[in-house]
Every structure is written in structure tokens, then in C-alpha cells.
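First comes the structure, then the notes that go with it.
Every chain is numbered from 1, with letters handed out A, B, ... down the list of sequences.
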Protein chains: 4
Amino acid sequence: MLSIQITTGSDVPIFRQIVEQVRAAIACGKLSVGDPLPSVRALAAEIVVNHNTVAKAYAQLIRDGIVESHQGRGYFVAERREIFTKAERTRRVNVMIQPLVSEAALLGFSGEEVLAMVEKQFSKMVASNQGNR
Amino acid sequence: MLSIQITTGSDVPIFRQIVEQVRAAIACGKLSVGDPLPSVRALAAEIVVNHNTVAKAYAQLIRDGIVESHQGRGYFVAERREIFTKAERTRRVNVMIQPLVSEAALLGFSGEEVLAMVEKQFSKMVASNQGNR
Amino acid sequence: MLSIQITTGSDVPIFRQIVEQVRAAIACGKLSVGDPLPSVRALAAEIVVNHNTVAKAYAQLIRDGIVESHQGRGYFVAERREIFTKAERTRRVNVMIQPLVSEAALLGFSGEEVLAMVEKQFSKMVASNQGNR
Amino acid sequence: MLSIQITTGSDVPIFRQIVEQVRAAIACGKLSVGDPLPSVRALAAEIVVNHNTVAKAYAQLIRDGIVESHQGRGYFVAERREIFTKAERTRRVNVMIQPLVSEAALLGFSGEEVLAMVEKQFSKMVASNQGNR
DNA sequence: GTGGTCTAGACCACG
DNA sequence: GTGGTCTAGACCACG
């Protein structure tokens with residue numbers, strides 16, 4: 001059973017929290033290809049958010065190509081396919097790394113310190129994903 | 001000569017693109033302490049945005065303590081001084097790392113790959129710093 | 001209920017008057033951690049200024065780390081955290097003391113008189129703080 | 001001979017630096033009632049600023065009632081007279097003290113610390129005035 | 001010609 | 001209904 005945890009008061013919009021948790025559930029095998037997602041209204045009721053918010057998250061997942069909608073039957077985990085080229089994915093990450101590097105340097109951090117911080121947050125994320133299993 | 005490239009239609013606001021590019025220019029040594037920034041109106045004309053947008057970006061840089069304004073004369077790269085506590089500086093870097101890590105994971109990158117990309121951009125910044133000396 | 005009084009035609013910009021009054025309200029305990037600030041548009045309507053002017057004031061308060069914004073929900077008084085180094089905090093206070101001392105001297109006040117006035121306002125703030133507890 | 005020292009790159013506008021130094025010269029007895037001030041153009045040439053800037057400073061001194069212009073003859077130190085009531089002068093100083101007190105409190109300074117800082121800047125100002133004699 | 005502030009009004013994101 | 005961003009344009013201060 002898919003369980004979604006919402007943190008209001010976070011900087012991350014609710015719809016994005018839903019997207020990320022569904023993706024994490026698929027990535028870690030909790031949801032497999034062809035599995036149904038909870039209906040928009042059921043999930044909205046369960047996590048107590050506006051159903052438009054859930055619909056928006058599902059729309060995003062469809063745009064990302066990892067969920068499919070079958071008219072009248074609901075949403076299902078889609079066959080895995082790559083939608084972005086490697087170059088495009090690399091570009092998107094680098095766009096976020098560049099300001100991080102400038103900011104960290106101006107704040108007086110060394111490259112090693114930043115690498116350590118990145119590694120730490122990666123581990124933290126993995127740990128919290130495990131917690132969802 | 002500082003050249004700013006603006007991407008309209010990006011999800012990164014224009015004023016933030018300006019802030020990031022000025023910061024990058026200072027971090028990598030393209031701009032040094034005491035150097036003037038382009039005037040608000042001149043830069044606004046050059047990149048074809050409203051002058052208020054440039055002023056907003058410059059105000060942000062002032063708050064971060066890396067630029068100074070002298071009434072009637074313009075903006076200049078400020079003497080470096082530590083204005084934030086260690087905890088605040090760490091917090092600020094982590095605020096930028098968190099979405100990076102999350103986005104990279106969604107795009108299918110491993111922690112190692114991201115670390116390598118961060119390291120690479122750090123080296124690039126240092127290298128261009130040398131080139132400008 | 002936070003009430004802001006604006007003096008137009010003063011040499012103090014409107015946005016700064018807002019900043020100062022919100023700061024005073026927080027400093028003296030009229031507003032506590034977690035309390036919501038009036039919404040940008042509501043305050044703008046109440047004091048009859050443009051919403052951008054209120055937004056600018058609130059942005060300033062965020063940069064100073066004493067207020068937080070939660071997308072779609074509004075602005076709230078932030079948990080107190082030290083974001084500035086001792087040197088920076090001292091510098092900021094001195095930046096405010098310098099014109100005060102200069103102006104007071106021009107108006108014919110002695111150092112003792114100014115000290116007495118500063119002390120009085122400090123007591124007043126503490127007193128109203130107690131009143132609000 | 002009246003000597004004015006201008007610091008460009010300060011936050012204090014040049015015209016205000018002139019005003020303050022003329023006032024200081026009068027306050028400390030270097031200039032007495034009836035003494036002539038340097039002509040606008042002579043002073044402008046000496047301190048290398050635009051003559052409009054000097055004219056503006058002199059206009060301010062006239063508004064403040066401490067200098068008089070005698071058409072065609074120049075500017076002279078006026079008979080001392082009070083232009084602001086005590087209440088008004090007090091009000092003006094308090095307007096500057098109030099934000100100082102809030103800001104200092106939010107930055108974590110005690111009343112004693114602020115008083116010490118105010119006293120220090122007062123002494124510094126007096127010392128620099130003596131230096132002008 | 002520099003920066004600083006403000007308004008009126010628009011359009012977007014989130015929910 | 002919240003906040004966030006941007007434009008067009010105005011008017012002021014300083015020099």
C-alpha cells in the first residue's frame with residue numbers, strides 16, 4: 001500500500017512532494033509496472049489536500065513518462081522509458097550545480113567541504129527512502 | 001567586461017539569473033574587489049529587461065555583502081567580509097544542495113556521478129580564476 | 001493586531017517604515033514566533049500603498065532572517081536564529097548609531113542626553129514586552 | 001582658515017559633509033558670528049566638488065538658520081537662534097533611536113551594550129572635531 | 001548620468 | 001486567496 005507523507009511548512013510544494021514520493025516508490029520497487037496508483041480523490045482524502053493538488057502531481061508524473069492514465073480506470077505505473085537524453089539530464093543538473101559552486105566559494109567553503117555536504121544529503125535521502133519500504 | 005546572458009521563459013527568475021551570474025563572475029575572479037558593475041540602466045538596456053529587475057538583483061547582492069552601492073556613482077564589488085555565522089553559511093549551502101540532490105536522483109544520477117560533476121565545476125571555477133589573474 | 005502607521009512625505013521610505021514597525025513589533029513581543037503577518041495585499045490595501053512596496057518590506061525582513069514566507073500561506077515570524085557574525089552585528093548597529101549621533105549633535109544634544117533617551121526607549125520596549133506576555 | 005575634508009566613497013553625501021563641518025567649525029568656535037564663509041566657487045575649487053554641491057550645502061545652512069547670505073557679498077555666520085523647539089528636536093532624535101533599539105535588540109544586544117556603543121561614537125566624533133581645530 | 005522609490009497593473013504558481 | 005515576478009513609467013536625490 002502506497003503511503004505518502006506530506007510536510008506542510010516545508011519549502012517543497014505539496015504536489016512536488018507527491019511526485020517525488022511516487023517516483024521513490026517506483027524506484028525502490030514498492031510499485032511495479034502496471035500497478036495502479038490510488039485514485040486522485042482517494043489519495044487527496046487520505047493525505048488531506050486539495051484534489052487539484054493530487055491531480056497536478058499525477059499530471060506531472062504523466063509528463064515525466066512514468067505513469068499512464070487509462071481513461072475511466074485510473075492511473076498506472078508505466079513501462080519504463082527514458083524521456084531525456086543523457087546530455088539533457090546532465091545539463092539540467094549542471095544548471096543547479098553552477099550557482100551552488102559560486103555561492104559556496106563566496107561563503108568560504110572549499111571544494112572538499114561542499115562535496116562532503118552533497119554526499120551527506122545524498123545519504124540522508126537514500127536513508128529516508130529506505131524508511132518508506 | 002561582464003557579460004550577462006538571460007534566458008527568458010526559464011523557471012529561474014530573471015533577477016536571480018543576474019544575481020547568479022554576477023556571483024559567478026566574482027567567485028571566479030572575472031570581477032575583483034573595487035571593480036564597478038554595469039550601471040543599473042545600462043545593464044537593463046543591454047539585456048532588455050526593466051531597470052527595476054536589475055535593481056532588485058543588485059539589492060540582493062548588497063544584502064549578501066558582496067557588492068556595495070555608492071550613491072550617484074554606481075555599484076562596486078565589495079571588500080570580502082564574513083557576515084554570516086558558520087551555521088548560517090552551512091544552512092545556505094544546504095538549501096541549494098537539497099533540491100540538487102533530489103533533482104539529480106529523479107533524473108537517475110547516482111551520488112558518485114553528482115559528486116564528480118560538482119568537483120568538475122569547482123575545478124573549472126578555480127581554473128578560470130587563474131586565467132584572470 | 002498589528003497596526004502599521006505610514007507617514008507619506010517623510011524622508012524615510014515607506015517600505016522602510018514598514019520594516020521598522022514590524023521589527024519593533026517583534027522586538028517588543030507584540031508579534032511572537034509563528035505569528036502570521038498581515039498578507040501583502042491586505043496590508044497594502046489597509047495602509048494604501050502598492051502591494052510591491054509591502055512585498056519589498058517583507059523581502060527585507062526575510063533577508064534579515066526574522067520572518068519566513070510559506071508559498072500560498074503567507075508570512076510568519078521566524079524562529080530566532082543567529083545568522084550574522086558578531087562583527088557584522090556590531091557593524092549594523094554602528095551604521096545606525098553614526099547618523100543618530102551626528103544628527104543629535106547638530107540639534108544641540110549632549111552625549112548624556114542622547115544616552116538617556118536611548119535608555120528610555122530600551123526600557124519602553126522591555127515594558128511593552130512584559131505587557132504582551 | 002576653514003578647512004573642509006571630503007570623503008568620497010562614504011555613505012554620507014558630500015553636501016552633508018560640508019554642512020556638518022561648517023556646523024562643527026561654528027560649534028567649536030573656529031568660526032564666529034559675522035565671519036564670512038568661503039565663496040561657493042572658491043570652496044568648490046578647493047575641495048574639488050561641483051559648485052552646485054557647495055551651494056546646496058550653504059542653502060541647507062541657511063535653512064537651518066545658522067548662516068546668512070548677503071546678496072552680492074557672500075555668506076556669513078548668522079546670529080545664533082533656535083529654529084526648532086525642544087519638543088521637535090527631541091522628536092527628531094527619538095525617530096532615529098526607535099529603529100536602532102529594535103534592531104539592536106533583535107541582533108541580540110543588551111541595552112548596556114548599545115549605550116556603550118553610542119557613547120563610543122560620541123567620543124569619536126568629539127575627538128575628530130578637536131582634530132579640526 | 002548615477003541610484004532609490006513608488007505606482008498601476010499584469011500574469012504566474014500553489015492550493 | 002496566498003505570494004512571486006515583471007514591465008512601463010514617473011519622480012526624486014546626488015553631483
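- As a whole-Å value, the separation of C:Leu43 CG from F:dG1 C1' is 16 Å.
- Separating the CD1 atom of C:Ile18 from the C1' atom of E:dT5 is a distance of 12 Å, rounded to the nearest angstrom.
- Secondary-structure annotation of DNA chain F gives the stems E:1-14 with F:1-14, with a stem taken as at least 3 successive Watson-Crick or G-U pairs whose two distances both fall under 3.5 Å.
- Here the side chain of C:Gln71 is nearest to one of F:dT7, F:dG4, E:dG3, namely F:dG4.
- Between A:Ile14 and B:Pro38, the residue whose closest nucleotide on DNA chain E is further toward the 5' end is B:Pro38.
- Residues B:Leu37 and B:Leu31 meet the side-chain proximity criterion, which asks for heavy atoms closer than 4.5 Å.
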Going through the distances and angles, do B:Glu103 and A:Arg16 end up as a salt bridge (charged side-chain N to carboxylate O under 4.0 Å, His left out)? CA-CA 11 Å; B:Glu103 181 70 12; A:Arg16 198 161 205 277; 2.7 Å; yes
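- Comparing E:dT7, F:dG3, E:dC14 by their nearest atom to the side chain of A:Phe15 picks out E:dC14.
- Note on B:Glu20 versus B:Arg23: no salt bridge recorded, every NZ/NE/NH1/NH2 to OD/OE distance being 4.0 Å or above.
- Contact check of residues 47-55 of chain C against DNA chain E (heavy atom, cut-off under 4.0 Å) returns C:Val49, C:Asn50, C:His51, C:Asn52, C:Thr53.
- Looking only at atom types and distance, the side chain of D:Gln60 has a donor-acceptor partner in the side chain of D:Asp64 under 3.5 Å away.
- Put simply, CZ on C:Arg73 is 10 Å from C1' on F:dT2, counting in whole angstrom units.
- Atom CD in C:Gln60 sits about 13 Å away from atom C1' in E:dG4, given to the nearest Å.
- C:Tyr58 comes within 4.0 angstrom of nothing in the nucleic acid, heavy atoms only.
- Atom CZ of B:Arg81 has more than 12 neighbouring heavy atoms from other residues, nucleotides or ligands inside a 6.0 Å radius.
- Rounded to a whole Å, the CD atom of A:Gln17 is 12 Å from the C1' atom of E:dC14.
- At a cut-off of 3.5 angstrom, counting only N and O atoms as typed in the model, there is a donor on one side and an acceptor on the other between the side-chain of C:Arg41 and the base of F:dG3.
- Between D:Ala57 and D:Phe15, the shortest heavy-atom contact is CB-O, 3.5 Å.
- For the pair C:Ile62 CD1 and F:dG3 C1', the interatomic distance rounds to 9 Å; values are reported in whole Å.
- Both B:Pro13 and D:Pro13 lie close to DNA chain F; mapped to their nearest nucleotides by heavy-atom distance, the more 5′-ward contact belongs to B:Pro13.
- In this structure, the side chains of A:Tyr58 and A:Val40 come closer than 4.5 Å at one or more pairs of heavy atoms.
- More than 12 heavy atoms of other residues, nucleotides or ligands lie within 6.0 Å of CZ in B:Arg91, so this atom counts as buried by the packing criterion.
- Dashed line: the shortest gap from a side-chain N or O of C:Lys56 to OP1 or OP2 of E:dT5 is under 4.0 Å.
- Between D:Val12 and C:Gly74, the residue anchored closer to the 5' end of DNA chain F is C:Gly74, taking for each the nucleotide with the nearest heavy atom.
- Side-chain contact between D:Tyr75 and D:Ile62 is present, with heavy atoms from C-beta onward closer than 4.5 Å.
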